[in-house]
Protein chains: 2
Amino acid sequence: MSLPATYLQMLSTLTEDGELRMELVEQKMPTPKPGQVIIKVEATPVNPSDLGVMFGMADAAASTTAGSGAATKLSAPVSSQGMRVMTARIGQPLPVGNEGAGTVVAAGDDKEAQALMGKTVAAMGGGMYGQYRCVDAIMCMPLLDGNTAKDGASSFVNPLTALCMVENMRMDGHTALVHTAAASNLGQMLNRICQADGVELVNIVRKKEQADILSAMGAKYIVDSSSDTFLADLTDAVHATGATLAFDATGGGTLASTILSAMEGAAARTPGAYSIYGSVAHKQVFLYGGLDTSPTTLTRGYGMAWGVGGWLLPNFLAKAGLEVAGRLRTRVANELKTTFASNYTDEISLTEALQADVVRKYQAKTTGEKFLICPQKDI
Amino acid sequence: MSLPATYLQMLSTLTEDGELRMELVEQKMPTPKPGQVIIKVEATPVNPSDLGVMFGMADAAASTTAGSGAATKLSAPVSSQGMRVMTARIGQPLPVGNEGAGTVVAAGDDKEAQALMGKTVAAMGGGMYGQYRCVDAIMCMPLLDGNTAKDGASSFVNPLTALCMVENMRMDGHTALVHTAAASNLGQMLNRICQADGVELVNIVRKKEQADILSAMGAKYIVDSSSDTFLADLTDAVHATGATLAFDATGGGTLASTILSAMEGAAARTPGAYSIYGSVAHKQVFLYGGLDTSPTTLTRGYGMAWGVGGWLLPNFLAKAGLEVAGRLRTRVANELKTTFASNYTDEISLTEALQADVVRKYQAKTTGEKFLICPQKDI
C-alpha cells in the first residue's frame, strides 16, 4: 500500500502581535526509522489537557474562523497578560493532540515495528491531531481484537491518570482518595477503578445533576461544594474514609485549602494530645488541572503536615518507572470497553475542530460532553 | 543533694470565655523513672516556635499582667475567629518552652541516666519554661566540657532546623537553597553551615540592615524583597545557584509563589523544547514559619512540577531516622560556640517573661533581638 506524499497536521502558533492561530499545515510523509511506525490516525479526543496546548491563555471563546477546507484558520485573541505568561511559545508552531488511535500503515525494519503492521493501536505520541503520525513502536498499545480506533482513542490520558491517582495513593502510603470535578469522564473511570480495587473515594461535585450521575454508578461518598454544609459534609466523608490525599482538577480558588481543612478537621476527631502544629499524618492535595484559573488560596489552618502541588501524568510515570507503566497499560487494554470506556457526544473532522462555534462548545468543558476528532473524515 | 518538694512551671491555658492565660503553676517534684533524669533548668530561649504555643491566635500585644512573684499572671485577649481556630486547646493547660539547658540533679537507676548526673545538658523536652524538668536520658545532649547552660540553651530548634534544611535538600535531590527572613538567628546559622559545606544559598531579606548583616558574614547571594527588581534579582540568584528548594519563614502572602516563579524563570533560561507544562525539575517551597499570618496565594504560573507545604522539624527528623538525628546532634555539640552560637539581647526570669511590656518586646520578633529565660533567677 502506498502512502500519500503529504498529510495535514494541526498546529497552534502564538504570533508576536497577540494572535493565537490554529491551522492545518501540509507535512511531508516521513519514512519510519527502524523502530518507528506510521499510524493513520482515525480517532483522537479533545481532552482538557489538549485545550491547554491548543489555546494556552488565549480567549478561545472569542475566536473566529476564516477560510475553508485545508485552508481553514482559527484565530483567538490573547490579552497582554496572556502574552507575558506565554512569551516562551511565541513563534513556535506547536503540534496538538496528546493521544489517539488508528491503523499502522507503515513500519520500520525492527521486529517490534514490523509486528504492528496492519494493527489497530493507540498512542500518546503528541501531535495526534493530524491525518498521520510517526511514533516509536514501543509507544504503541495494540488494541485487543475487535476493539476499534474509536474504542481506543482515549486509552492514555484519562485511564492512566485515573490509575496513577490510585497508584500514587499507594506509593505515598495513603489509603483513600478525594477527587474534585468528580463526575467528569476521568472521575467516572476513577469511581469504577476504586470500586473494583476496594478503595474508598470521596467525590466532590458542584451540581445535583453531577451527584446523580455518580450516585447511579454506585458512588458511596458524594459531596456538593455548592451546598451550605459543604465543609461539614466533606469532613464527615473524609473522616469516614480516612482520605489524606486529594486530586483537584480545578486548581484555583479555595477548594484545595478547604479539602485540607476537612482532612485536619477529620484528624482532630480522633482523640489524642492537642498540638498547635496539628495532626502528624501528611495531608496532600495535588492540582492536576486548572478549570479555575484564579490563584490558589491557602489559609494554612491545618497544622504543618500538609502539601499542595502540581501533578502531571508524564512526571508521575517517570517517577513510578517502566514496570508500573507496563502493568497499567495492560490493564487499560484489557478493560477498554468497561472500566475505561469513553463516551463521545460529537464526532468532528479536523476542519470542524477549527470552526469557532465548535470551539466554543468543546472549550466549555461541560460535564458529559466530549468531542472526538476523526482525522480521516472529509475536510 | 536534696531537691525541693515542688517547683514552678509556666503553663498557657485558653479559657472558654476568650482569655489566653499564662501563669506559673506549682508542680510536685517527680521521682525520675530508671531511664529519666531531672534537669535544673538554667537557660531556655524564647523562639518564634515557642510563641505559637504560648499565645496561639491570642493578641499578645494587647496582653496585661496582674499579680507578682509566683502569682504573676498574664492575660491576652482572643478574637472570636481565634477561638474557633483554637477550639481544640480550650481548657487544656499547655506546658511551654521547647528547649533549654541546665544541670542534671537527679537520675534514675539506668546506667545511661546515672552517667548524666551532675552534667550540663541540653534537651528539647517541651515544658522547659520551669525551674526543673524531668526528661528521658536519651533526649539529653551532654555539652562539651567548658560549655555552659547558656551556651547550650538553643542547641536544638535553630541548629537542627538549619541542619535539617540542608539534609532535606540532599535527601530530595536538590543542590542549593533559598531561605527567607534570612538574617534571623536561624538564617545566620544556615549561612555558616552552607559556607562550611559548600552549599549555595540564596538569602532573601526585607531590609538593607539585614542584607548588611549577611554581607558581613560573607553571604554571596542576598536579595531584598522590598526592591522593585526583586523578581529579576531573585531569578538571577536562583539561576546562578540552581536552587530548586526554598524554606520560607513567612508562610503567608505571595512570597512562596514568587520564589516558584523565579525558579521557573531560571529554568526557562536553559535552552530546550517549550512545554506548556513548564520545566520538569521539581520546584519546592517549604513553609516552616508563619511570620505573615495572611493566606498563602499561589499564582501557579510555574508549570506543573512544583510543591508547597508545611515543614516541621520533628516530622522531618522522624522521616530522616535516628542515624541522621544522632549525626546532626553530634555536630551541634562540637560546633556549639562557632556555627551554632546564639546571641541573646535580654536575660529574663520566669516572672519577667510574664510582664506585658516584656511580652510586647519578645513577641515583636525583631531581627537581632533574642530573649533568654533563666528560670533560676529570682522570681
How about CG on Asp228(A), more than 12 heavy atoms from neighbouring residues, nucleotides or ligands closer than 6.0 Å, or not? no
Does any backbone or side-chain atom of Leu260(B) lie under 4.5 Å from a heavy atom of chain A? Answer side chain, backbone, both or neither. neither
Counting heavy-atom pairs under 4.5 Å with chain B, which one of Gly307(A), Gly52(A), Gly251(A), Gly301(A) comes out on top? Gly251(A)
Where Met304(A) and Leu287(B) come nearest, the two heavy atoms and their spacing: CE-O, 3.5 Å
Identify the heavy atoms of Thr297(A) and Pro295(B) that sit nearest to each other, and give their distance. CG2-CB, 3.7 Å
Using every non-hydrogen atom in the two residues, find where Val308(A) and Trp306(B) come nearest and quote the distance to one decimal. O-CZ3, 3.7 Å
For a 4.5 angstrom cut-off between non-hydrogen side-chain atoms, does Tyr277(A) reach Ser49(B)? yes
Cut-off 4.5 Å, heavy atoms of chain B, and the answer for Arg89(A) is both
Please state whether the side chain, the backbone, both or neither of Ser294(B) comes within less than 4.5 Å of a heavy atom of chain A. backbone
Thr296(B) versus Arg300(A), closest heavy-atom pair with distance: OG1-NH1, 2.9 Å
Among the options Ala268(A), Gly303(A), Gly56(A), Gly252(A), pick out the one with the most heavy-atom pairs lying under 4.5 Å from chain B. Gly252(A)
